[in-house]
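Inspection log for the structure reproduced underneath, given as structure tokens.
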Amino acid sequence: MNTGRPELPKNYDPAEVEPRLYERSLEAGVFHENPDPARPPFIISMPPPNITGRAHLGHGSTYTTMDVLTRYHRMLGDNADWLPGQDHAAIATETVLVRALAEEGQTRAGLGREAFLARAWQWREQYGGAINESFERLGFGPDWERERFTMDAKLSEAVVKVFVDLYNDGLIYRGTRLVNWDPKAQSTLSDAEVENDEIDTSLWHLRYRAEDGGEGLVVATTRPETFFGDVAVVVHSDDERYRHLIGKNVILPLVERPIPVLADDVVEAGFGTGAVKVTPAHDATDYEIGQRHGLPMPTVIDFAGRISAPLWRYDEAAEKRAPIDAQAARMAPYVGLERDEARARVVADLRAAGALAREEPYRTKVPVSSRSHAVIEPLLSLQWFVAMESLAKPALEAYRKGELRFVPERFGRTYEAGLETLRDWNVSRQVWWGHQLPVWYTPADDVIVAHDEEEARRMARERYGSDDLRRDPDTLDTWFSSGLWPFSILGWPEQTPELAHWYPNQVMITSRDIIFLWVSRMVMLGLRFVGKVPFETVFVTPLVFDIQGRKMSKSLGNAIDPMTELVPKYGADGTRLGILRQMRLESQELRFDERYCDEAKRFATKLWNALRYTVALDEGLPGANVLPPHERLTLADRWILTELRRMVETVTNAYDGFEFGVAADALLQFGWYTFCDWYVEATKAPSQRDSRAAVLSFVLNTFVRAMHPIAPFVSEEIWLNLPHDGATIVTASWPDVAEIPAFPEDAGAFRAVIEKVEQLRNARAEWAIAPKESMRVEVPASLAGESGVVEAIATLARAEIATYDDARDGTRDGALRERIAGIRAVADSAKLRERYAREIARLESEVARSEKKLANESFVARASADVVGAERAKLDGYRRELQRNQDALAALAA
RNA sequence: GGGCGCGUAGCUCAGUGGGAGAGCACCACAUUGACACUGUGGGGGUCAGAAGUUCAAUCCUUCUCGCGCCCACCA
């Protein structure tokens, strides 16, 4: 089919083309697939963005690669599908909602659970889809018909089933443990959601005098306000300074409470004072020390992050605090103070009491919530936990047996390290937005875990003769439901065709910061509940940094929103290609440089103009992908086809190996510099006329198919304007290298033409021949019949051709490359002499270098035969070329 | 403390055990059958430093220095 000669605009306008073609794809339904066991599956589960999320540059790298691979495998004919969805993002969403309520003067408690949740759903309907619009604008083509939400009814059923099964298997339990408390979000957090921020603070040295009137000791601490909760001081058992105190008591200042000095070898004698205060209820290390020594664990900071009267024993049933001793009175002035206020007050009072031995500036790390960035308070609380050991073990084994592969490989060690040191997972959260625990309590606090309330009541009646129950108000950690993602979205626990053919997924793509926050949990839960790893390969993309090498973040103000800052300027194609160009497999950071997007945008225009040139040819275009018989292909045709084939091989291998930067480089290199700059120019020679329309059309068609996964829009717009088979490039076939003829020898000869043209252009610049003037060039008479060569030189170098008799120098019967090398510029003898002289000097030094190398006996003896042979061939070439230049110079003198 | 990545042209980065590359920026020239969102030519680098392995090191090994990230109970 011939597209005729449409009037194409001079500039390519992504803003017009991209939305139009995306809409076209949606209407054609090309992103939707059903399981087809006849074809190999290629399935990627989209890491579900938060419903509060906005597109950021991380999506530009991570999500673009998913789109690229899905499009690529679809073109290969695979049963390819990219499964999208969203995460309810419990704490993040609740934070947004609470803030919105506050602006209206309302509170969560004031609204009540039911009304709050109604509002949350309404919010999700209204704003939760914003990120999808960004994804569409970026050209992402997931199977929107299969979109899932972690709180969909079906997915929630899966969550409940997993919880109930794990509980019944003894892997979920309730207990009082030290947890990470976020006083701002008013909820616990898992270890994985806690980050460490560096801060400048002080190291305070506190003097605890001995009970027996002796000297006592000095402890060093960064948190003096916790000293109310101290129950011991520990020292290293070998530490001579303190050995005499072990077993004796020291007195806490201000509150005048005696605590024992104990030996524990976790202490490093060399740090601080070598004596450590132990506050088991508010520090993870101290908690472990407390457990080892059977110490009491008084809580002195409450859920609001304020100092509270000491709670010596955790009252599980009521979660009430009961101050029981005389300490309460002495602590009274501090009770109710925020942690920071309390610290200042305590330090001042200790100083006044002579108990502050020293204060030195100190840089340390504080745990903060990865969501709210509030400083975490470790405290004791009654929560629900998942026992990790028996889940982690199979996940480690699966990796070690090779059932799971990381790209790059080294991230497997990150995965292993995370699983080896896993502590039990605190899964209960005190927010309302999320999956409420399927847990009920009797009035006597007996626990019932059931799939729904009806079942819970039935169980209660059977066991206790009454169905008087209250439900646990807590919800599950967001990552509990996302841990099921690769199978819950396929319909599990139902045995659906999707689950049968599409699980395990082929690839999971994510960034390294959530390898054990998320990836390891999917593996553990997938193995436990489906019996197989959820994906075969985990591809870890680099993190995006700004050009100064700082991590992109909203708080730093250096985050780039691709929707407002890149897509309007460069189009989705330019944004995608620009980002992917910067991705390198082994690099763990991508220092984003917008110049690549600009280059990519100009590339689209360049290709667009190559299309305009092609479709405007007088002779018109033949049908899609039809090449003339080989004997009618010119040297230039043979060269571009050979290069095309090489490019397709490179790009194919690159996609298969997650080398997106390599693929993007190869496309740009070929499309711009090989195809536009050389081949398109070469077709302007008369001798190209018979074949050029077919070859241009063939090469462009093949090229845009290879580029389609990365730049879906400009590739399709070009493809639609060329003769093509099928309705859309999205479902066109991936270029088959077997259908691209290659002619290595002729390609080599054309490369010699290119080299010669570059030399001639160089001479033109040197001799200041104006571009519009043609320069005079002589070709060996033996090339006279080679119109492909002679006309290419005439066209590309803008030369006026004469011939010279090459019978004398013996190149007449040489290879085509040799004769092409004999083409020479004509100028006045002074200019030529200068040029020949410079060329001779260059060649002489090359010959000398090569001769010296070959004269080195150990080189000839020890280097491989190939290397030595290549060096000899190189030397021969240099010598011949040197000879030719010397002859030319001599002839000039004569 | 442990682990990882990175130091190549002014900037951002490719690259290879055997003659140092791209884009951008810079300089000069140019409107040749698509393209000024263009073309052609040019200047610019002791490949962080040192030692070792090798016939040969920018590339492999070790160490040093610098930048960045992750993990860990130095209070």
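Below, all heavy atoms of this structure are taken into account, side chains as well, without hydrogens, waters or symmetry copies. Here is how names work: the chains are called A, B, and so on, in the same order as the sequence lines, proteins then strands, and each is numbered from 1.
Comparing A/Met583 and A/Asp677 by the nucleotide of RNA chain B that holds the closest heavy atom to each, the one mapping nearer the 5' end is A/Met583.
Looking at the side chain of A/Ala765, the nearest of the listed nucleotides B/rG33, B/rG41, B/rG18 is B/rG41. Minimum atom distance to the side chain of A/Lys365 is reached by B/rA72, of the listed B/rC35, B/rA75, B/rA72. You'll find that the side chain of A/Arg595 is closest to B/rG10, out of B/rC55, B/rU40, B/rG10. With B/rC13, B/rA36, B/rC69 as the choices, the nucleotide that has an atom nearest any side-chain atom of A/Arg512 turns out to be B/rC69. Distances were taken from every side-chain heavy atom of A/Thr221 (C-beta onward) to each of B/rC35, B/rA75, B/rC13; the shortest belongs to B/rA75.
Against RNA chain B, the stretch residues 663-673 of chain A makes heavy-atom approaches under 4.0 Å through A/Asp665, A/Trp672, A/Tyr673. Proximity of residues 271-287 of chain A to RNA chain B (heavy atom under 4.0 angstrom from any strand atom) is restricted to A/Phe271, A/Val276, A/Thr285.
Annotation: cation-pi geometry not satisfied between A/Lys606 and A/Phe675 (NZ/CZ under 6.0 angstrom from ring centroid, within 45° of ring axis).
With a 6.0 Å radius and a threshold of 12 heavy atoms from other residues, nucleotides or ligands, A/Arg207 has its CZ atom at or below the threshold. Other residues, nucleotides and ligands contribute at most 12 non-hydrogen atoms within 6.0 Å of the CZ atom of A/Arg646. Residue A/Glu198 places its CD atom among more than 12 non-hydrogen atoms of other residues, nucleotides or ligands, all under 6.0 Å distant.
Heavy atoms of A/Arg223 sit nowhere under 4.0 angstrom from any nucleic acid atom. Note on A/Arg761: only backbone sugar-phosphate atoms sit closer than 4.0 angstrom, heavy atoms only; bases stay farther off. The residue A/Glu846 sits close to a base: some heavy atom pair falls under 4.0 Å.
Using a 3.5 Å distance cut-off with no hydrogens or angles, the side chains of A/Glu791 and A/Ser687 do pair a donor with an acceptor. The closest side-chain donor-acceptor pair between A/Ser850 and A/Glu871 falls under 3.5 angstrom. Residues A/Thr62 and A/Thr541 have side chains that bring a donor and an acceptor to within less than 3.5 angstrom of each other.
The side chain of A/Arg410 places no N or O atom within less than 4.0 Å of a non-bridging phosphate oxygen (OP1 or OP2) of B/rG3. OP1 or OP2 of B/rG42 has at least one side-chain nitrogen or oxygen of A/Asn762 nearer than 4.0 Å. Between A/Tyr12 and B/rA34, a side-chain N or O to OP1/OP2 separation shorter than 4.0 Å is absent. In terms of phosphate contacts, A/Lys606 brings a side-chain nitrogen or oxygen within less than 4.0 Å of OP1 or OP2 of B/rG39. Between B/rG41 and A/Arg764, no contact under 4.0 Å exists linking OP1 or OP2 to a side-chain N or O.
At a cut-off of 3.5 angstrom, counting only N and O atoms as typed in the model, there is a donor on one side and an acceptor on the other between the side-chain of A/Gln588 and the base of B/rC4. The base of B/rG2 does not come close enough to the side chain of A/Arg413 for any donor and acceptor atom to sit less than 3.5 Å apart.
Ion pairing between A/Glu288 and A/Arg423 holds under the 4.0 Å rule for side-chain N and carboxylate O. Salt-bridge annotation for A/Arg842 and A/Glu839: present, with a side-chain N of the basic residue lying under 4.0 Å from a carboxylate O of the acidic one. Between A/Arg595 and A/Glu599 no salt bridge is recorded (no basic side-chain N to carboxylate O distance below 4.0 Å).
Between B/rA25 and B/rU12, the distance separating the two P atoms is 15 Å to the nearest Å. With both ends at atom P, the span from B/rG66 to B/rC26 equals 35 Å, rounded to whole Å. B/rC24 sits 41 Å from B/rU64 when the P atoms are compared, rounded to a whole Å. Taking atom P on both B/rC4 and B/rC27, the two are 45 Å apart, rounded to the nearest angstrom. B/rA9 and B/rA22 have their C1' atoms separated by 11 Å, with the value rounded to a whole Å. Of the P atoms belonging to B/rC55 and B/rG39, the separation is 47 Å, rounded to the nearest Å. Between B/rA72 and B/rU62, the two C1' atoms lie 27 Å apart (nearest whole Å).
Not one N or O on the side chain of A/Gln669 forms a donor-acceptor pair closer than 3.5 Å with the backbone of A/Met647. Of the possible donor and acceptor atoms, one in the side chain of A/Thr226 sits under 3.5 Å from a partner among the backbone N and O of A/Arg223.
Per the geometry, CH2 belonging to A/Trp678 stands 12 Å off P belonging to B/rG39, to the nearest Å. If you measure from atom CD of A/Glu288 to atom P of B/rA75, you get 15 Å, rounded to the nearest angstrom. The NE2 atom of A/His236 sits 13 Å away from the C1' atom of B/rC74 (whole-angstrom rounding). In this entry the distance linking CZ of A/Phe859 with C1' of B/rG18 reads 6 Å, nearest Å. B/rG17 atom P lies 21 Å from atom CG of A/Asn856, rounded to whole Å. Rounded to whole Å, atom P of B/rU38 lies 13 Å from atom CZ of A/Phe603. For A/Glu599 and B/rA25, the CD to P distance is 11 Å, given to the nearest whole Å. Between A/Arg581 atom CZ and B/rG21 atom P the separation is 18 Å, expressed in whole Å.
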Worksheet entry | Pairing annotation in dot-bracket form, given for RNA chain B with Watson-Crick or G-U pairs under 3.5 Å and | for cross-strand partners | (((((((..((((....[..)))).(((((.......))))).....(((((..]....))))))))))))....
Fill in: Pair A/Ser864-A/Asp866, side-chain hydrogen bond (donor to acceptor under 3.5 Å, both in side chains): steps then yes or no
CA-CA 5 Å; A/Ser864 79; A/Asp866 283 356; 5.3 Å; no
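With A/Val366 as the fixed residue, the side-chain contact (heavy atoms from CB on, under 4.5 Å) test singles out one of A/Ile199, A/Asn196, A/Ile376, A/Thr201: A/Ile199.
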